[in-house]
Amino acid sequence: MGEIVNVEKVGMKYQSLNGEINAIEDISFSVEKGEYVSIVGPSGCGKSTLLSIISGLLKATMGRVVIGGEEVLKNSDKVGYMLQKDHLFDWRTIYQNVVLGLEVRKILNDDNRRYAIELLKTYGLYEFKDKYPSQLSGGMRQRAALIRTLAVKPEILLLDEAFSALDYQTRLAVTEDIYSIIKNENKTAIMVTHDISESISMSDRVIVLSRRPAVVSSIHSIRFDCPKRTPLKCREDPNFREYFNTIWKELDVHV
Amino acid sequence: MSDTGLNLSPERIAYLKKVKLQKTATWLVRLLILVLIFALWELAARLKLIDAFITSQPSRMIKTLTNLYNAGDLFVHIGVTCLETIVGFIIGTLMGIFIAVLLWWSEFASRVLEPYLVVLNSLPKVALGPIFIIWIGAGPSAIIVMALAISLIVTILEMLNAFIRTDEEKIKLVETFGASRFQVFLKVVLPSNIPAMINALKVNVGLSWVGVITGEFLVSKAGLGYLIVYGGQVFQLDLVMTSVIILAIAAALMYQGVVLIEKKLVGNQAAQKHS
Ligand SMILES: Nc1ncnc2c1ncn2[C@@H]1O[C@H](COP(=O)(O)OP(=O)(O)OP(=O)(O)O)[C@@H](O)[C@H]1O
Ligand SMILES: [Mg+2]
């Protein structure tokens with residue numbers, strides 16, 4: 001499988017009246033098609049900035065991002081973004097929320113509508129399609145948010161602390177849920193999290209960033225030999241602790 | 001939470017009964033206060049405890065009302081004032097929201113215009129009355145412009161503030177789908193600010209009345225404001241009092257109209273949510 005995302009020597013300096021903030025500096029890595037990569041790092045080190053640059057929402061002041069052979073110059077259609085909260089609009093029904101991206105991209109045709117309905121059916125939200133977000137549980141809302149992202153058929157998913165607004169119990173269940181959906185749909189994922197366990201349990205690789213200005217301080221390949229991998233199974237694996245300790249120490253050094 | 005279920009517990013029934021009783025009691029006492037005020041007023045005037053020449057009295061007000069009605073003037077005056085208010089209210093609200101949208105759109109424009117808006121907002125608009133009369137002529141148009149002068153700037157400032165405070169993350173969400181500025185407005189900023197808009201409507205109803213009555217004080221030949229000023233000039237307190245009370249009723253009705261619109265806009269959503 002080839003590389004789908006290349007981050008090449010990306011740096012970002014924010015300008016404001018109070019001065020300049022050197023958020024990230026010279027970050028390079030690549031992600032393979034179908035891979036699940038996590039990014040961990042101290043708070044405020046520039047993780048969200050990095051994701052915004054990869055998606056094309058934000059223009060890097062140095063370096064470039066290449067997705068599928070094309071340099072990202074504006075908001076990329078190949079990328080789907082999951083934010084920290086589900087941000088389902090409470091004036092729209094679940095179905096109307098799910099087709100929001102299609103509406104904005106002006107591709108709300110019968111095919112795509114059918115695909116959205118299909119996703120709702122596959123992931124158990126079809127009966128709720130005419131309900132409003134306030135009638136759904138936190139986990140279901142997160143799933144609806146993921147379907148909203150998947151409906152525009154992105155190749156790469158970016159998740160920015162997408163589970164951190166949930167309580168611990170729900171969070172475990174939702175990561176399990178979302179992980180299986182992402183694998184099922186064969187998507188490439190780049191996830192930012194501050195939860196080391198979460199990053200190990202879900203990803204193929206964990207990228208550890210340093211304190212601001214962020215650089216890549218190390219990359220850890222995560223391998224478990226359980227046949228049907230799920231985040232919960234990984235948490236029980238004997239190697240889990242070892243990975244945890246390594247990454248924790250790595251982070252600790254820089255905090 | 002719905003009480004449409006048939007098997008309510010006795011506690012629930014007792015509670016609902018209490019709520020209903022309280023509601024009835026509230027309305028009864030409200031009505032009683034009103035009746036009492038007018039009864040005492042009438043009584044005091046008849047017993048010559050107060051001078052009906054300067055305080056008027058309910059029976060004389062009713063007589064004034066019938067006189068106005070018989071002369072065919074009553075609904076002309078009410079109509080003129082209500083029309084001016086409604087036109088001022090609608091133009092003020094629409095124009096205010098429209099200008100707020102433009103200012104939200106162009107950060108540069110809003111930054112440039114900010115001090116002007118602040119000065120205009122703090123200026124007592126009555127001071128502009130004579131200017132409007134000279135420019136537009138002493139007629140209903142000048143009165144409507146007066147109403148606009150009073151409500152427009154407030155609407156602009158209030159709506160602009162609401163637009164600017166829209167949740168940044170929600171905006172980021174539609175931007176991840178590649179939304180243009182126009183789409184951001186249409187899909188996020190506008191729908192999430194419906195409550196703010198309804199609030200602006202409510203404030204505007206009141207301000208439009210202020211504007212129209214002020215305008216009528218200055219120029220008019222008809223309308224409730226005219227009746228009040230005229231009654232004052234010829235020392236006919238009956239006319240003044242009657243007009244004030246009609247005004248109170250008309251203003252209350254129009255406010256209720258806005259509340260009805262609110263229920264239509266917001267209530268529908270809430271009703272669907274709980275279906
Ligand atoms: N629009 C902006 N203008 C100026 N500075 C910014 C802007 N956005 C972020 N920053 C600064 O850049 C740095 C990195 O921010 P970023 O949000 O990317 O970090 P993060 O790792 O996602 O943080 P967190 O762990 O809190 O989510 C922070 O110090 C922040 O204050
Ligand atoms: Mg962040």
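A, B, ... follow the sequence lines: proteins, then strands. Residue 1 opens every chain.
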Chain B contact via A:Thr93 - which portion, at a heavy-atom distance below 4.5 Å | neither
How long is the span from the OG atom in B:Ser192 to the CH2 atom in A:Trp91, to the nearest 0.5 Å?
-> 4.5 Å
Take A:Met82 and B:Thr176 through the test side-chain contact (heavy atoms from CB on, under 4.5 Å) and record every step on the way to the result.
-> CA-CA 9 Å; A:Met82 293 266 292; B:Thr176 65; over 6 Å; no
Value rounded to 0.5 Å, distance of NZ in B:Lys172 from OH in A:Tyr81 = 3.5 Å
Within 6.0 Å of CD in A:Glu71, more than 12 heavy atoms from elsewhere = yes
Can you tell me if CZ on B:Phe75 sees more than 12 non-hydrogen neighbours from other groups inside 6.0 Å?
-> no
Rounded to the nearest 0.5 Å, how far does CG of A:Leu100 lie from CG of B:Leu173?
-> 6.0 Å
What's the spacing between B:Gln183 CD and A:Arg105 CZ if we round to 0.5 Å?
-> 11.0 Å
Salt bridge present between B:Glu169 and A:Lys85 (N-O < 4.0 angstrom) = no
Count the heavy atoms belonging to other residues, nucleotides or ligands that lie under 6.0 Å from CD of B:Glu107, then report whether that count exceeds 12.
-> no
Neighbour count >12 (heavy atoms, 6.0 Å) for atom CD, A:Gln15 | yes
Checking heavy atoms, do the side chain of B:Val184, its backbone, both or neither come under 4.5 Å from chain A?
-> neither
One should read off an interatomic distance between A:Thr149 OG1 and B:Phe177 CZ, to the nearest 0.5 angstrom, of 5.0 Å
